[in-house]
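Read the structure below first, then the notes.
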Amino acid sequence: MVAHRISADGDRRGLVFAYYITGHGFGHATRVVDVVRHLVEAGHEVHVVTAAPEFVFTTDIQSPNLYIRKVLLDSGAVQTDALTVDRLASLEKYLETAVVPRASILATEVEWLKSIKADLVISDVVPVACRAAADAGIRSVCVTNFSWDFIYAEYVMATGNHLRSIVLQIAEDYSHCEFLLRLPGYCPMPAFRDVIDIPLVVRRLHKSRLEVRKELGIGEDVKLLIFNFGGQPAGWTLKQEWLPAHWLCLVCGASDKQVLPPNFIKLAKDAYTPDLIAASDCMLGKIGYGTFSEALAYKLPFVFVRRDYFNEEPFLRNMLEYYQGGVEMIRRDLLIGHWKPYLERALTLSPCYDGGVNGGEVVARILQDTAIGKCHLTDKLSGARRLRDAIILGYQLQRSPGRDISIPDWYTQAENELGLRSESCHSGVNGDTSFVGSCIADFEILHGELHGLSDTLAFLKSLSALDCGSGSGKNTGKRQLREQSAAAALFNWEEDIFVARAPGRLDVMGGIADYSGSLVLQMPIREACHVAVQRNHPTKQKLWKHAQARQQAIGKCPNPVLQIVSFGSELSNRAPTFDMDLSDFLDADQPISYEKAYRYFAQDQSQKWAAYVAGTILVLMTELGVHVTDSICILVSSAVPEGKGVSSSAAVEVATMQAVAASLGLEIAPRDLALLCQKVENHIVGAPCGVMDQMTSACGEANKLLAMVCQPAEVKELVTIPNHMRFWGVDSGIRHSVGGGDYGSVRVGAFMGRKMIKAEATALLKVACADATQQVDEINPEYEEFGVELLKREASLEYLCNLSTHRYQAAYMKKLPDGIPGEQFLKEYGDHNDKVTIIDPKHNYGVKAATKHPIYENFRVETFKALLTAATTDEQLSTLGELMYQCHYSYSDCGLGSDGTDRLVKIVQEMQLRKSSHDGRSSLFGAKITGGGSGGTVSVIGRNSLRSSEEIFELQQRYKAATGYLPLIFEGSSPGAGKFGYLKIRRRQLP
């Protein structure tokens, strides 16, 4: 039935729709076409507000009821190249396009909507359109698979909170929308009040496969690839040998000047791609909604290249792979033309999407009904409400696996695959001899012991399952992740495998003062990373197909290859596998420089994670002279969550280097191992961290605090945590990264402050020495008080923490500026003498707060350590808590605080005051932000009692009530890598 509006004089008239389309790519415009076509065919008037070319619409719709208004009201994502988003530029462009002129945009749109007498406003997915509709008194609906508040939230985390108001404004705009029509492959979109899920929206076919091939003069015996890749790299030349024999390639979006080889065919700019896609055997391109939906709908294998910071992509990719429709191509293989193994692999797929493809029709019907006042929503909880804990401002998606059965499998598959590992960290063996026995029965342990660790048992079980899966045909259905199939083909099960384990850490005290030489107190947590390593002669190494093809192309004897699989990659937008020829680490038989290695891994953001793993091999080659002649395969499985400020990267580095060293027959002391791993993070990854993370992961022991002076890494002692107290980590949900701008700027500011103090001490020393040559009674009493020897030590100050708090306050505090531009500092002082950071001349650095923090933090940590052995009293716990509070606010003074961590600390304070006033006894006594700050985890100290555990639960619930995010809790401890050692195992052969 076609809906119409009855006018005042009783005549039936078509409805008027205003359809706003975001400026982010063609995919949004192409999916709108099918919806608009159904509305126009029903006799309605549709005004499309877009920046897309008109032919996108007019190729499929020729009607006087279609109006196209060329206006851009948002800016999408700004790209540095075809595969990478510039996050800061994207936010700044949106600010320029939609925020600065917001008042005039709203006024114009409200007037225009009233002038066309719109019955309904539809947005895909322009934020301001929803607000303009509300101001005009018109209902609005959004149709999309992602929203800009979700996309930009991660950009804000990466670039700094100064632009976070953009995300808040976008979310507020969306809240005016009546409901969301949610497309398959969706991201969390919590700003919308209600949701209706709809089928795929795809453009219809005009011609059959046979008709298209006949027009192109291509027979069925020819394999046809459609290359749907906008924004090809400048200077890039497609080459004939990139395709297998008897293949042709249709090239979309080629420039007029681009010269193509004979097996590549240039398509017209306005070519109707759905027909061409359906006539092809395979597609190569970037994942966007348009390519994704048409590949699924027409069951076309899709070879895709991952893009950097396109945050909707993981959700589309998961669904594509779930329905056996996707093959990921490594970026470097795309650029060098190593296409053949991927195309051949794609032809073996059997895409099996069995959902609806009539989304355009369904959407049009709902829009018509909504425009005349009908309600399509039910009383059941909508999808948006079910995902209420996925909220804006950088709070990460957090749900319990399997909690909501209404969420489709493709959405939860990565999370479900991690269920075993996440649960195993928090479960004991509890006498389950069948579980233990089965793991031990599967493998012969040739060296090492399990230490009673349930997560290690679970890891061995996962290894055993890989072997079973590769041989028995299990897990071959849609649910199998690509990382599983890659891992199953990784090891030679008849050879030895080396397993290492390294935990994350909770920063109890010390934090960022480590790089200034402070005493730190760190606790290894229960969550840990396991790494399995195997060496094989290159002739015996099982290779993935594309790596095998690369070796064959070289035409030489098999070269040593590194292959890595990382479990859990789909929780963050990174590739689950990485491979390289180990000869890439050599330059004329010598290890390449760390700087060159940094550039090597940085060229592809989706594979930059591999620097943490592969970098350990280069460091061993460079620092210890190791020669690697065998191929190496590595499996990484970490239960230490990323971005929580609990040293996930250090756990990966330490576990990897421990396992690799064991496989090479190297014995490296835990302290030396940590220092080598720090080189990986500082020089190959490029994160300017101190050494405390790696030291704790390598040298820590369960239920003890590692007391270490970071000058550079002197372990003082392992302090047993008193039985009456306990430490927890509470995750704020705000992603933390030591590679972020704020952390690096504070570190630079601290080193600037040290340089200024040394310069001031040198000047005082010169005056003091000059005065010392005069008569004793003429010496300036100020310098006599300071003492020449003291000034000499301060003039050569190596670590800020070697300066006492009273000396800082008496002699230097007033001399330091609050901040200084980088250009001015370089002009006045030269370099800041930090090997792992670079001064940006255009950046203004905070100096005084960044310098003061480590000096006072060192004093707080020393006091904290001394109090740990004091008498067991409430005063002891209260004083320890006060020191943690002081540390927290000092972080904030440096600019390293965050809304989430501040809120957690405030809740702890409120609970402490409430309990004290109620009965005089508190259970929680203090809290502080940890690690590099700017989000991450808060450390909490409390009494070791049931009551304090109840209060931690209350803290969780209160934080969720305020933010929508249920914090992860880190509790318990486990041994470091040095204490664990390594396992040497071999798969038992069946009789």
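Quick note: numbers below take in every heavy atom, side chains included, and nothing from hydrogens, waters or symmetry partners. All residue numbers refer to positions in the sequence shown, counting from 1.
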Does this structure show an ion pair linking [X] with [Y], if we count only N-O contacts that are shorter than 4.0 Å?
X: Asp34; Y: Arg203; answer: no
X: Glu109; Y: Arg131; answer: no
X: Lys340; Y: Glu344; answer: no
X: Arg213; Y: Asp275; answer: no

For the pair [X] (side chain) and [Y] (backbone), establish whether a donor and an acceptor sit closer than 3.5 Å, ignoring hydrogens and angles.
X: Glu54; Y: Ile68; answer: no
X: Thr291; Y: Lys286; answer: yes
X: Lys266; Y: Ser255; answer: yes
X: Asn358; Y: Glu361; answer: no
X: Ser90; Y: Val78; answer: yes
X: Thr59; Y: Val56; answer: no
X: Glu211; Y: Ser208; answer: yes
X: Arg87; Y: Tyr155; answer: no
X: Thr58; Y: Ile61; answer: no
X: Asn145; Y: Pro184; answer: no

Heavy-atom check, side chain of [X] versus side chain of [Y], under 4.5 Å:
X: Ile226; Y: Leu284; value: no
X: Leu349; Y: Val327; value: yes
X: Tyr94; Y: Tyr152; value: yes
X: Met329; Y: His546; value: no
X: Leu276; Y: Leu216; value: yes
X: Glu45; Y: Phe17; value: no
X: Ile366; Y: Phe179; value: yes
X: Asp256; Y: Lys269; value: yes

Might you point out which heavy atoms bring [X] and [Y] nearest each other, and give the distance in Å?
X: Val362; Y: Ile198; result: CG1-CG2, 4.1 Å
X: Val201; Y: Gly359; result: CG2-C, 3.6 Å
X: Ile21; Y: Val32; result: CD1-CG1, 3.7 Å
X: Val357; Y: Pro199; result: N-CB, 4.2 Å
X: Ser147; Y: Val125; result: CA-CG1, 4.4 Å
X: Phe302; Y: Gly285; result: CE2-N, 3.6 Å

What's the separation between atom [atom1] in [X] and atom [atom2] in [Y], rounded to the nearest 0.5 Å?
X: Leu300; Y: Leu225; atom1: CG; atom2: CG; answer: 9.0 Å
X: Ser140; Y: Glu178; atom1: OG; atom2: CD; answer: 7.5 Å
X: Ile218; Y: Leu248; atom1: CD1; atom2: CG; answer: 5.0 Å
X: Cys130; Y: Leu180; atom1: SG; atom2: CG; answer: 10.0 Å
X: Leu320; Y: Leu296; atom1: CG; atom2: CG; answer: 5.5 Å
X: Glu294; Y: Asn228; atom1: CD; atom2: CG; answer: 8.0 Å

When you look at Leu83 and Arg331, which way does the side chain to side chain contact (heavy atoms under 4.5 Å, CB included) test go after all the steps?
CA-CA 9 Å; Leu83 295 169; Arg331 182 180 303 185; 3.5 Å; yes
Return yes when atom [atom1] of [X] has more than 12 non-hydrogen atoms of other residues, nucleotides or ligands closer than 6.0 Å, and no otherwise.
X: Lys93; atom1: NZ; value: no
X: Arg209; atom1: CZ; value: yes
X: Lys239; atom1: NZ; value: no

Under 3.5 Å, is there a donor on one side chain and an acceptor on the other for [X] and [Y]?
X: Tyr342; Y: Asp333; result: yes
X: Asn65; Y: Ser63; result: no
X: Tyr186; Y: Glu312; result: no
X: Thr144; Y: Arg31; result: yes

So Phe315 and Phe150, side chain to side chain contact (heavy atoms under 4.5 Å, CB included) or not? Walk me through it.
CA-CA 12 Å; Phe315 300 88; Phe150 174 79; 3.9 Å; yes
Sequence-distant partners of Asp173, side chain to side chain donor-acceptor pair (under 3.5 Å), two or more places apart
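Asp173 satisfies side chain to side chain donor-acceptor pair (under 3.5 Å) with Arg102, Gln169 once adjacent residues are dropped.
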From the options His38, His44, Arg37, select the one residue that forms a side-chain hydrogen bond (donor to acceptor under 3.5 Å, both in side chains) with Glu41.
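Passing option: Arg37.
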Would you please name every residue forming a ring pair (Phe, Tyr, Trp, His ring centres under 6.0 Å) with Tyr353, sequence neighbours left out?
Tyr323
Got a sec, which residues hit ring pair (Phe, Tyr, Trp, His ring centres under 6.0 Å) with Phe304, two or more places apart in sequence or on another chain?
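For Phe304, no residue satisfies ring pair (Phe, Tyr, Trp, His ring centres under 6.0 Å) once neighbours in sequence are set aside.
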Evaluation steps, side chain to side chain contact (heavy atoms under 4.5 Å, CB included), between Ile265 and Leu260:
CA-CA 7 Å; Ile265 301 171; Leu260 300 179; over 6 Å; no
Charged tip of Arg69 within 45° of Trp112 ring normal and under 6.0 Å
yes
Decide ring pair (Phe, Tyr, Trp, His ring centres under 6.0 Å) for Phe146 and His28; before the verdict, give the C-alpha distance in whole Å, the side-chain angles of both, and the deciding distance to 0.1 Å.
CA-CA 11 Å; Phe146 76 84; His28 297 268; 5.3 Å; yes
Kindly determine whether His338 and Arg332 satisfy side chain to side chain contact (heavy atoms under 4.5 Å, CB included), including the steps that lead there.
CA-CA 8 Å; His338 191 61; Arg332 68 171 182 268; over 6 Å; no
Residue from Leu181, Val40, Leu367 passing side chain to side chain contact (heavy atoms under 4.5 Å, CB included) with Val35
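Of all the options given, the one that passes is Leu367.
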Indicate, with yes or no, if the rings of [X] and [Y] have centres closer together than 6.0 Å.
X: Tyr272; Y: His206; answer: yes
X: His47; Y: Tyr19; answer: no
X: Phe578; Y: Trp544; answer: no

